Every structure is written in C-alpha cells, then in structure tokens.
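Treat the numbers as computed from the prediction; the structure is a model and nothing was measured.
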Protein chains: 2
Amino acid sequence: MRISQLSAASGVPIPTIKYYLREGLLPAGEQTAATRAEYGERHLRRLRLIRALLEVGRLPIAAIRKVLSAVDDPELSMHQVLGTAHYAIAPTAEPHPGDDRWSEARDRADRMIAGLGWRVDPDAPTRDELAQAMLTLGELGMPATGEALLPYAEAAMRLVSEHEIGTIRASGTREEAVQALVVGTVVHGRVLDVMRRLAQESASAGIFGDGTGKAPAP
Amino acid sequence: MRISQLSAASGVPIPTIKYYLREGLLPAGEQTAATRAEYGERHLRRLRLIRALLEVGRLPIAAIRKVLSAVDDPELSMHQVLGTAHYAIAPTAEPHPGDDRWSEARDRADRMIAGLGWRVDPDAPTRDELAQAMLTLGELGMPATGEALLPYAEAAMRLVSEHEIGTIRASGTREEAVQALVVGTVVHGRVLDVMRRLAQESASAGIFGDGTGKAPAP
DNA sequence: ATCCATTGGCTAGCTGTACTATCCAACAGT
DNA sequence: ACTGTTGGATAGTACAGCTAGCCAATGGAT
C-alpha cells in the first residue's frame, strides 16, 4: 500500500499523514526505494486509532504520541499502559502552590477515593482532576461533598466492574488487549458522556414542557 | 468592587477579565465615571461560572458565550436552556455528505435512542456524537452494537433519573435552577468521567498485578 | 527508451484560540 | 498638585494542528 492508498482507505489527507509520520505517531513505511515506501494493514489500523483518540477522545497530538509509545512497548504491563493513558488524558495541570482551598479540595478528593476503597496511585493526576471538579463545584455553591458525588462513583464502579473488565479480558493478543484498554478508556468515556446528555435531554423534555419550543438555532 | 478586586477575588488576571468583557462573556460593570466602573457579586459569580465551563468543562469561549446568553434570556424555558448548552457542548461537526458508513452509523444511533424510549430532538447534535462514537468503535473492530453500549445507556439513565433531576428541581429561583442545570450538564459530566477512570485504575490494579511497577513518569 | 504523475522528505506558512502587553488619557484619593 | 489606578483600545504572543510548496528520484505506461 502506498501513501495515496493509505490516505484513501483512511480518509486522512496525505499531508496530514506526512505530518503524523514527522510527529512520530505513525511508524515509517517499509522503504523499497529512495522515494518509495510500502505501508501495511498495521499502518491503517494505527491511523484509525490516532483519529479515534484525536476526534472522539479529543487528545492532543503530544498525548497521543505518549499513549502510542506505551502501547508499542512490550515491556509494559497492562496496568502500566493504562496508567500511561490516564496520565496522557489528564490535562497538564498548572500547579497550585500552597493554595489552601486547593489542598483542602485535594484532601477531600483523596478521602473520597480512600472511602470508596479504591486502589489508585497516590500520584495519579486523576486525583487532581477530581479535586479540581470538587473545588469548582464548591465555588459555584453547589454540593461537592462525598455524598453528593457518591452516585457518580457508584455508577462508574458498577459500569467498570460489571462491563468493561469483561471486554478487556476477552481480548486475545497483547496488542488487541492493549488497544481494547486504550479505546475503552477514551472512546467509552465519550460514549458515557454522550449517553448522559441524551438521558438528560430526554428527562428534561418530560419534565419541563417541550414540544412547541426547541432550542434556538446556533 | 473595582476590577482589581474582582481579579483578586476570582484569581483571574485583569487583562483576562478585560478580554472576557470584550468578548461579551461578562457584562460591563456599572459606570460611575468615564474611567471608573463598579462590579458586584453577580460579576464574581459569572466569572466563576465562566472559569468552570472553561477549565472543567473545556468549552471554547464561543460556546460559553452562547450558553451564557441562553442563561440570561428569561424568555427561554429550562428545556431550551439545556438544549442550548447541549448544542454548545457538541463539537461543531464537520458534515459527512453522502458517506454511507456515516449515515448507517447515524441510523444505528437513532435506532438505539428510539429503542431506549428516549425523547430527544431529531436535530440534536448529541445524536451525531453518538453516531460518531459508534462509527469509530466499529472501525477499530470493537463492538458498537446497541447491546454493547446498553450498559452505558442504563448507567446514564439511572444516574440522571435518580440523582440529577432531583438536584435541579431543588433549586429556587430561575437563575439558580438554570445554573444548576448548566453546571450539572458540564461539570458533572467531568465528574463522571473522572470517577470512571479512577474506578478503572482501581480495577486494573486489582487484576493486572501492580505494586512494583508504576506507569513511567511523563 | 522515454515520459510524466507520484512519492518521500523538507521547510515554511496558515488558521484558530485564548490570552498578554502596551499605550493613553481621565480620573480619585491624598 | 500629585500619584497611581482604571477603562478603553490596539496590537502582539504562544501553541496546536494542520496545509502548501518545492525538489529530485522514481516507476509504470506507452
């Protein structure tokens, strides 16, 4: 497969593929001559994975590169790949040095995680994300106690333990399993978010009138 | 309150506040003289809401402006405000003109929503987001059938119907209720996503060894 | 054997987003 | 009267994610 066919098969423009090659997201094709390289099925799959992480998962290019190099590293365990993906997903947090409200929120986040009995790396950036959300809710005058957020934790836990684990365990090769893990982390996150908004709209239509007036066109 | 106090109270730099004023995200203060304006509690709350939508919800400025003008429009019903927020959250979709795989995915998304009995506007961009996610999963060779996604739908529905509706109904004034609605849509979405990743990491630690090796530092 | 479109590799430019920086004149408080 | 802040305006910055153009070397069609 040459680059033009790769482009046609994936829907990604050639200059963009060249860009991904430059950025190290996509491994180079097999050079058959000075100005000729051959791409395979692997490149196509990789390209689709990149677009999935980019368009559905909204990950920046730099984060995608990190995730992919973890995926490609056969030394890493599943748990380590997942950790890398989680690190990459989390926004590169600006530090909150000595901010009292911040460290208090961070404490509450840590206590909540401990209270749920979850085993989470003490340095996981996800902890910071939770703290940030709790802090923000508090500043907006909304309930951000462990109790108010418990339903979210329970829903997440049930989903992961009853459904996602099974999906990953069903995978065969390491490559398949790792992809299922990464896609599961990123794309299923979007799926859940979308489902929640759909359920919200549906519930809203039932409660606050509906029918006559739709939202104004953008 | 002058602009410097508003800045100190909110943690947002003065030039950024000026920028928000220019962009119409923040209403102008009350002019007391040619070079003096007074800001109030309302401005502080609005600023916090902007930062919440920006930092936690990751909404672009243009989307925030739309959401806020819907929030401020007393003509709009709750359902309409929610619709506006949903429109603003959804990425401005690039059109897929006549793409067969796309329209097939969109059909499957529509059928899934119908099958769940949800009342969702036929033009809601959320439908496109679901279709996009299903299409992507399919291209990655992962199950994207209604059955595979049902657990997400059920979790979302349970969460919304058992928890979020109550939170919104408990609000007093329209302004409070509308804010609870918007924040609920955006920030609680992040909360759920974060919870899911935490639950995932915890489950992963339990299943795929752990302890010794952490994810490599970024 | 000879074209000429395609390819890989390179550098440079573009678009959009979210800010920052600088300037200036009009004040307000001392 | 002085000094330091404020509002308003314009211009510039930094980053992300492409996109465009060029060039010499092919390699399949004629």
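For B:Arg42, the CZ atom sits in a loose shell: 12 or fewer heavy atoms of surrounding residues, nucleotides or ligands are nearer than 6.0 Å. For CD of B:Glu30, the number of neighbouring non-hydrogen atoms (other residues, nucleotides, ligands) closer than 6.0 Å is 12 at most. In A:Glu175, the CD atom is not crowded: 12 or fewer heavy atoms of neighbouring residues, nucleotides or ligands sit closer than 6.0 Å.
Using a 4.0 Å cut-off between charged side-chain N and carboxylate O, A:Glu104 and A:Arg108 make a salt bridge.
Side chains of A:Leu76 and A:Val178 form no contact here, defined as non-hydrogen atoms less than 4.5 Å apart. Counting heavy atoms from C-beta outward, B:Arg106 and B:Met134 have side chains that stay 4.5 Å or more apart. Taking the side chain as every heavy atom from C-beta outward, B:Val183 and A:Thr136 never approach each other to under 4.5 Å.
For DNA chain D, the residues of residues 10-24 of chain B within the heavy-atom distance limit of 4.0 Å (strictly under) are B:Lys18, B:Arg22, sorted by number. Contacts between residues 38-56 of chain A and DNA chain C, defined by a heavy-atom separation under 4.0 Å, are made by A:Tyr39.
Remark: the backbone N or O of A:Ala52 is not paired with any side-chain donor or acceptor of B:Glu139 at under 3.5 angstrom.
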I need a per-nucleotide contact map over nucleotides 25-30 of chain C, read 5' to 3'. Cutoff is protein heavy atoms under 4.0 Å; write B for the base, S for backbone only, - otherwise. -BSS--
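Listed by chain and residue number, A:Val12, A:Thr16, A:Leu25, A:Leu26, A:Leu47, A:Ile50, A:Arg51, A:Leu54, A:Ile61 satisfy the side-chain contact (heavy atoms from CB on, under 4.5 Å) test with A:Tyr20 (two or more places apart in sequence, or in another chain).
Contact footprint of chain A on DNA chain D: nucleotides with an atom under 4.0 Å from a non-hydrogen protein atom, first to last in 5' to 3' order, D:dG17 to D:dG27.
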Walk me through it: do A:His86 and A:Leu82 pass the test side chain to side chain contact (heavy atoms under 4.5 Å, CB included)? CA-CA 6 Å; A:His86 283 172; A:Leu82 183 69; 3.7 Å; yes
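Separating the CZ atom in A:Arg46 from the CG atom in A:Leu44 is a distance of 12.0 Å, to the nearest 0.5 Å. Distance check, rounded to the nearest 0.5 Å: CD1 of A:Ile113 to CG of B:Leu198 gives 4.5 Å.
One finds a side-chain N or O of A:Gln31 lying less than 4.0 angstrom from the OP1 or OP2 phosphate oxygen of C:dG9.
Pairs of residues two or more places apart, or lying in two chains, that qualify as side-chain hydrogen bond (donor to acceptor under 3.5 Å, both in side chains) and include a residue from residues 182-193 of chain A are A:Thr185-B:Gln200, A:His188-B:Tyr152, A:Arg190-B:Glu129, A:Asp193-A:Arg197.
Mapped onto DNA chain D by nearest heavy atom, A:Ala62 and B:Ala37 fall at different nucleotides, with B:Ala37 at the one closer to the 5' end.
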